[in-house]
2 protein chains.
Amino acid sequence: MTAKSMTRAAFFVLTALADQPRHGYGILREVAELSDGEVQLRVGTLYGVLDRLTADGLIVLDREEVQQGRLRRYYRLTDDGVAALDAEAERMAAGAGAAKRRIAEGRRAGAPARPAARPAGLEPPTAPGLAGGLA
Amino acid sequence: MTAKSMTRAAFFVLTALADQPRHGYGILREVAELSDGEVQLRVGTLYGVLDRLTADGLIVLDREEVQQGRLRRYYRLTDDGVAALDAEAERMAAGAGAAKRRIAEGRRAGAPARPAARPAGLEPPTAPGLAGGLA
DNA sequence: CCAGGATATATCGGCTGCCGATATATATCG
DNA sequence: CGATATATATCGGCAGCCGATATATCCTGG
């Protein structure tokens, strides 16, 4: 289960659509805003992602409007889309947490006085204890 | 600053190395473990990532051991590697949080009784209030 | 004793996916 | 009238992930 992780671009598109339906260009602006300008989703990327997400049933065309002579094609999350986004957010949070925790562990072990580490270590510690094993 | 986001594979390799130096095959096992079996980093992916991370100065070859006739090449995070991993974890946590928040917003607005959504809506909502704006 | 699996390294071709460039069209502002 | 913003869409190149494959050693089971 859990399927596999989506691409970064897909994640941000889904996130931009999470609160309300938006059209392509609006998604572009919204992604930039919600990421505080850090993520710049490109036009060349957008439509491919939109097509893929539609094919995967995570979004659907909500409606089309003509605003000031310009076509606006609004997309909306499906229930599957919400679920997929939620699952991905969970995975990201878990990954971020794991990284943070491990960095702290590494700091504790490796930061103070490295004891030269043995020049050409050839001793067989054999059982370092890692490789837990409740696979 | 902040550079751009690293790939998912790179993130997991750095995370696996965050607590202690490990060799390639060990990284493979560790990534599977720390992700609770959800992430399966492939052998064909690993060495490319290792080379790229080394070229980028995020990891370095720590030492080489011969264990039971088999070579083990241990890699270790550099200070830049720790910083990059930390920054990426931050970005992921932020993204996950944003997604979660927006899903909640969408639920509040769209979950109960969808009122047919107006056939050919032409009204300009104009100022939904998002658009944070300290860019 | 030998086959198979785990350990451990490495390479390559193919496919997916992101991005820059480009194209088209309208409205607005200087 | 040209530049900019809005809004759509396509295409070619390049980066990166994965399956397959190769090599080599050690251990376990039949």
Side-chain angles (χ1 to χ4, degrees), chain A residues 3-14 16 21-33 35 38-56 58 61-75 124-128 130-133 135, chain B residues 3-14 16 21-33 35 38-56 58 61-75 88 122 124-126 131:
Chain A
K4 66 177 167 309
S5 220
M6 67 187 64
T7 65
R8 199 109 58 197
F11 170 77
F12 280 107
V13 169
L14 292 184
R22 291 175 198 280
H23 62 281
Y25 197 79
I27 293 173
L28 252 33
R29 281 192 270 99
E30 188 62 18
V31 167
E33 247 180 67
S35 70
E38 291 219 3
V39 180
Q40 296 291 331
L41 187 61
R42 307 298 163 153
V43 196
T45 307
L46 180 67
Y47 296 96
V49 174
L50 249 22
D51 289 345
R52 230 175 317 131
L53 289 176
T54 300
D56 291 349
L58 302 187
L61 182 60
D62 186 66
R63 68 188 189 277
E64 290 183 341
E65 286 181 12
V66 176
Q67 203 79 356
Q68 301 166 171
R70 299 187 203 96
L71 175 66
R72 285 183 177 180
R73 191 165 283 134
Y74 285 79
Y75 291 89
T126 318
L130 37 112
Chain B
K4 65 178 170 308
S5 219
M6 66 187 65
T7 65
R8 209 128 29 215
F11 169 77
F12 280 107
V13 169
L14 292 185
R22 293 176 196 278
H23 62 281
Y25 198 79
I27 293 173
L28 252 34
R29 280 192 270 99
E30 188 62 19
V31 166
E33 245 179 69
S35 70
E38 291 219 1
V39 180
Q40 296 291 330
L41 187 61
R42 307 298 163 152
V43 195
T45 306
L46 180 67
Y47 296 97
V49 174
L50 249 23
D51 288 345
R52 229 176 317 132
L53 289 176
T54 301
D56 291 349
L58 302 187
L61 183 60
D62 186 66
R63 67 188 190 278
E64 290 182 339
E65 285 182 13
V66 176
Q67 203 78 359
Q68 300 166 170
R70 299 187 203 95
L71 175 66
R72 285 183 176 178
R73 191 165 283 134
Y74 285 80
Y75 291 89
E88 181 68 12
L122 249 297
T126 318

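A quick note: this is a predicted structure, and the numbers were derived from the prediction, not measured. Per chain, numbering begins at 1; letters A, B, ... match sequence-line order.
The side chain of V43(A) sits closest to dA9(D) out of dG16(D), dA9(D), dC19(C). The side chain of H23(A) has dT8(D) as its nearest neighbour among dT8(D), dG16(D), dG17(C). When distances run from any side-chain atom of R42(B) to the nucleotides dA8(C), dG16(D), dG19(D), the shortest one goes to dG19(D). Listed nucleotides: dC19(C), dA10(C), dA8(C). Nearest to the side chain of Y47(B): dA10(C).
Considering only side-chain N and O atoms, R70(B) lies nowhere under 4.0 angstrom from the phosphate OP1 or OP2 of dT7(C). Using a 4.0 Å cut-off, some side-chain N or O of T7(A) falls inside it from OP1 or OP2 of dC18(C). Close to dG17(C), at under 4.0 Å from its OP1 or OP2, lies a side-chain N or O of R52(A). Distances shown here put a side-chain N or O of R29(B) below 4.0 Å from the OP1 or OP2 atom of dA8(C).
Summarising the geometry, the separation between NZ on K4(A) and C1' on dG17(C) is reported as 13 Å, rounded to the nearest angstrom. Going from atom CZ of R8(A) over to atom P of dC17(D) covers 10 Å, rounded to whole Å. The distance from atom CZ of R73(A) to atom C1' of dA9(D) is 9 Å, rounded to the nearest whole Å. Rounded to an integer number of Å, the gap from CG of L71(A) to C1' of dA9(D) is 11 Å. The CZ-P distance, from F11(B) to dC17(D), rounds to 14 Å in whole Å. Nucleotide dT26(C) holds its P atom 17 Å from the OH atom of Y25(A), rounded to whole Å. The CZ-P distance, from R72(A) to dA5(D), rounds to 16 Å in whole Å. Between E30(A) atom CD and dA7(D) atom C1' the separation is 17 Å, expressed in whole Å.
In this structure the side chain of T7(A) reaches within 4.5 angstrom of the side chain of R52(A), judged on heavy atoms.
Residue A10(A) is the one, among Q68(A) and A10(A), whose nearest nucleotide of DNA chain C lies closer to the 5' end (criterion: closest heavy atom).
Using a 4.0 Å cut-off between charged nitrogen and carboxylate oxygen, R8(A) and E88(B) count as a salt-bridge pair. A salt bridge links R22(B) with E30(B); the closest basic N to acidic carboxylate O contact falls under 4.0 Å.
One distance of note links OG1 of T45(A) with CG of L50(A); it measures 11.5 Å at 0.5 Å rounding.
Using a 4.0 Å heavy-atom cutoff across all strands shown, G44(A) reaches at least one base atom of the nucleic acid. Among the heavy atoms of the strands lying under 4.0 Å from T45(B) is at least one base atom, whether or not backbone atoms are also near.
Nucleotide dC29(C) forms a Watson-Crick or G-U wobble pair with dG2(D), both donor-acceptor distances falling under 3.5 Å.
A donor-acceptor contact closer than 3.5 angstrom is absent between the side chains of R73(A) and Y75(A).
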